[in-house]
Structures are given as C-alpha cells and as structure tokens.
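Encoded as structure tokens, the structure appears first; notes follow it.
Given the structure is predicted, the values throughout are model-derived calculations rather than measurements. The figures here come from the full heavy-atom set of this structure, side chains too, leaving out hydrogens, waters and symmetry mates. Chain naming here is simple, since letters A, B, ... match the order of the sequence lines and numbering starts at 1 in each.
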Amino acid sequence: MSELVASQATVERRLLQSVVDVARYAFGAAASSIFLVDPATGELVFEAVSGRGGSRLVGTRFPPGTGIAGWVASSGQSLLVDDLSASPQFARDAAASTDYVPNSLMAAPLFTADGVIGVLEVLDRGATAVRVTADVELFDLLADQAAIGLELLTRLRLGGMDQRSDRALRLLEAVESMLATSHG
Amino acid sequence: MNGEVPWRRTDRAAAWELPAWSMSSGLRSAHEFGMTALAGVTADWAWAGADGSGVRVCVVDSGVDGSHPLIGDLERSVTVAEDPDGEIRVVDHPAIDEAGHGTACAGIIRGIAPGASISSVRVLTNGKSGTGAALLAGLDWAIAEGFDLINLSLATTQSRFVLALHDLADRAYFRRNVIVVSAHNRPVLSYPWTFSSVISVASHDLDDPMTFYYNPSPPVEFHARGVQVPVAWPGGGTIRSTGNSFAAPHITAICALILSRHEWLTPFQLKTVLFLTAANVAGRRPDLARRHG
C-alpha cells in the first residue's frame with residue numbers, strides 16, 4: 001500500500017510539473033506555477049514551477065484571500081493583469097515572496113465538483129501571445145484539464161485509503177472475535 | 001430616494017424569512033408610477049449628464065482600498081468576520097484590500113459614476129467557512145442596508161448554498177437592490193450569476209467603457225468592457241486587468257448613472273433600459289429597427 005501511495009505522489013508531482021511546463025510553453029511565458037488549496041487551512045501551497053524564479057518556493061504556504069492567486073482561489077474567477085510593475089504594492093509583495101517580479105500575470109482557478117482546489121498561473125506571456133481573450137480561453141482550458149487530472153488522482157488516493165481502512169476494519173474484527181473466543 | 005417607496009415598505013420585512021413565492025400578491029392596489037413611457041428610451045434619455053449622484057453602490061468583494069486617489073472616500077467599509085465559535089457576523093473594517101480585486105472594481109465604478117456613493121463588504125476573508133457562507137452573510141447585509149446596486153464579481157460553486165443564495169437574490173430583486181454579477185464561463189456550475197433575478201455580465205474586448213451589448217442567449221445578459229481595463233490597484237497606481245469580473249462593475253456603474261436620473265426604475269425596468277440602450281439594439285442602432293420591424 002505504501003508503494004501505491006508513493007507512486008501516486010510521484011504521478012501527482014509529474015502531473016503538476018507537466019501542467020506548468022505545458023502552460024509555460026503554450027504562452028512562450030517566462031514562468032508558470034501552480035498552487036493547491038490546503039483543505040484544512042485554506043492556505044495556498046506553492047506546488048510546482050516551470051521557468052524563472054521560485055523553485056526554492058515549492059512547499060511555501062500563502063494565507064487565503066491574499067494576493068492575486070488568493071483572490072482567484074476564493075472568487076473562482078480567472079484573471080489576467082498587465083502593467084503589474086507599475087503597482088508598487090504588487091512589486092513589493094512579489095519581491096517579498098519570490099526573486100522574480102513579473103509585469104503580467106494570468107491566473108485561473110482549478111475546479112472540481114467540490115469547488116476550487118488550486119490556481120494555475122502564467123507569468124509574462126511572450127510575443128506569441130496574440131489576442132487577450134483567446135489567451136484567457138486557452139488558459140482556462142488548460143486549467144480545466146489540469147484540474148481533471150488532479151481530481152482523478154485524488155479519487156484514486158481516496159479509493160486506496162478506503163481499501164486500507166477496510167483492511168484495518170477486518171483486522172480489528174478478527175482481533176475482537178479472537179478476544180471474545182479466548183474470554184468465552 | 002429615501003421616502004416611502006414600494007420596494008422599501010416596512011411591512012415587507014414580515015416576509016423576510018419566507019421564500020419569495022410565498023409573498024402576498026394583491027393586498028395593495030397597484031402603485032402609480034409617474035414615469036416616462038419606454039418608447040423614447042435612448043442613451044441620452046437614460047444617462048446624459050448623470051454622474052451617479054444619490055445612488056448607493058455596494059462592492060461585495062475582497063475589500064476596497066479607500067486611500068487610493070482613484071477611489072476616494074467610502075460610505076461604509078465592513079467585513080464578514082467569524083467568531084471563535086464559528087458565528088459569522090458583519091463588522092466595521094478599515095478600508096483596505098489585501099487581494100486588489102475589490103479596489104479594481106470600485107475604481108471602475110468611480111470612474112464612470114463619480115457621484116455615486118461606494119461601500120465595501122469584504123467577503124473574501126481568511127475565515128475557514130469558505131466563500132459561500134461569507135458571501136451569504138455579506139449579501140444579506142448589503143440587502144438589509146438597502147443599497148441601490150450590489151456589485152458581485154465572484155461566484156461560488158458550493159451547491160449547498162444555492163437555495164439560500166436564490167432566496168437572497170429574489171429578496172434583493174423585490175426590494176430593488178439590483179445585483180450585478182460577473183458571469184463564469186467554466187464547465188462547473190456556479191452561482192449566483194445563473195439566476196434570473198440578477199444582471200449577469202460577461203466581457204467584450206472593445207476599449208469603450210460605455211459600450212455594452214445585450215446577449216439574447218442567457219444566462220449571460222450583457223457584455224461590457226472586460227479586456228485590458230485600466231484599474232486602480234491597492235497602494236496607488238493602476239494596472240490593466242482582464243476578466244468578466246471587470247465587466248460587471250461597468251454595468252453596475254452604468255446602472256448607477258441611469259438610476260441617478262431615473263430613481264424609480266425597478267430591476268426589470270432597469271434591465272429593459274439596459275436592453276434598449278445596448279449597442280446592438282434598435283435604440284442605439286436605428287438600422288436594426290428597420291430590419292426587425
């Protein structure tokens with residue numbers, strides 16, 4: 001069982017990395033990153049990055065409801081912002097959390113049936129970015145595909161846990177019946 | 001505006017806890033409306049010379065940075081807060097915005113309707129109860145406070161809130177607190193932009209803030225500016241933002257202009273004025289009138 005859990009974690013890593021690699025490539029972007037929501041705390045956890053800056057940030061937690069990713073996660077709305085470096089507060093916040101301050105940022109929520117499970121971001125789209133609305137649409141499609149992959153993995157993991165608890169329950173029942181027999 | 005208007009009659013409060021369909025329908029004779037017939041409704045009629053004065057707008061979002069020069073003073077700034085025992089309340093809160101989004105929406109409204117009063121309810125908070133519960137509390141507060149317009153550039157996918165949200169939206173509709181909501185073009189059901197009692201807005205990619213289109217295939221009813229919109233950002237300055245959530249405050253602001261000239265319009269009448277003044281409708285396009293008779 002632990003091997004299965006470990007291999008699922010590896011698949012999840014690879015999926016997350018693949019998502020940010022594809023997103024970065026599709027937009028000729030400087031970087032792409034993905035955050036997942038910690039269901040217990042609502043925090044956004046920085047899970048994977050492709051491109052400039054941030055690889056040392058993997059695992060970092062950001063409080064819910066703060067920053068662009070936080071807003072996207074809690075509002076469920078996609079967002080594209082340009083001219084970010086003209087905003088002193090954004091530059092300050094970004095500089096405090098990464099060593100890279102982008103000028104443009106695209107962020108989309110990752111949905112499952114239960115709500116938002118994370119946020120996908122693309123930083124500084126390249127010259128291949130032609131039309132803003134088409135970019136946002138493609139980006140939403142990528143985010144949806146990523147979310148479906150993550151949902152499948154989560155279901156697999158929960159399925160595994162159910163099997164595990166079934167086995168534990170059967171073991172417990174066996175022990176109880178043995179105890180009952182020995183005392184009887 | 002604050003006199004005895006039909007949608008604010010105190011006896012309606014008795015029906016607050018009841019679903020909308022249970023409200024009595026014929027206890028009073030129909031109110032007489034001394035208003036213009038709609039035949040002559042044009043953009044000029046609707047908002048020429050208007051600046052939103054006398055209209056109260058509430059931005060239900062991440063908070064609004066009241067120190068931003070493009071925003072100016074807020075009428076009220078509150079937040080949804082969670083007690084340690086999980087009780088959700090609405091309390092006064094400094095006019096700050098940790099996410100930036102509410103400030104952007106308020107800036108759009110201020111830019112188009114500088115005379116309108118703006119208040120902020122922060123519903124995107126650090127609380128654990130999630131967007132749905134905070135959204136309900138924030139909306140409930142905004143409706144009780146009697147704002148003319150409520151801008152809601154967010155959605156919840158939490159289906160357990162749908163019934164309560166639906167009833168709030170209906171209550172707002174009947175009390176003439178017009179809720180303007182950004183549409184949500186994703187393969188997941190979300191609310192309340194899908195309700196018929198709200199005005200649902202998606203983006204077009206033209207750069208004119210006063211150009212909007214009627215969309216004849218609901219639930220999206222109007223398209224307004226939402227691509228690379230220059231918006232106020234917390235801490236001063238502006239950035240350019242794209243998303244349906246920036247289209248909704250354009251319609252909110254245009255509604256503020258219309259209501260400041262025509263304060264007696266009810267939600268369905270206001271929606272009709274929007275329809276008649278949309279860039280793709282005969283009121284603004286006489287050639288269409290000839291084509292469709």
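When heavy atoms are compared at a cutoff of 4.5 Å, B:S190 does not approach chain A at all. Contact annotation for B:T156: neither backbone nor side-chain heavy atoms come within less than 4.5 Å of a heavy atom of chain A.
Other residues, nucleotides and ligands contribute at most 12 non-hydrogen atoms within 6.0 Å of the CG atom of B:D73.
If you take CG on B:L135 and OG on A:S74, they are separated by 11.0 Å, rounding to the nearest 0.5 Å.
Counting heavy-atom pairs closer than 4.5 Å to chain A, the top residue among B:P230, B:G243, B:S203, B:S153 is B:S153. Between chain B and the residues A:S75, A:S78, A:A69, the largest count of heavy-atom pairs under 4.5 Å involves A:S75. Between chain A and the residues B:T242, B:D205, B:L154, B:T157, the largest count of heavy-atom pairs under 4.5 Å involves B:T242. Listed options A:G70, A:P109, A:A147 were ranked by heavy-atom pairs under 4.5 angstrom with chain B; first place goes to A:P109.
In summary, the side chains of B:W233 and A:D83 do not present any donor paired with an acceptor at a separation below 3.5 Å, with no hydrogens or angles considered. Side-chain atoms of A:Q77 and B:N244 include no donor-acceptor pair closer than 3.5 Å.
Side-chain atoms of B:H101 never come within 3.5 Å of backbone atoms of A:I68 as a donor-acceptor pair (strictly under, hydrogens ignored).
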Hey, mind stepping through A:L80 and B:S241 against side-chain contact (heavy atoms from CB on, under 4.5 Å) and telling me if it holds? CA-CA 6 Å; A:L80 183 155; B:S241 276; over 6 Å; no
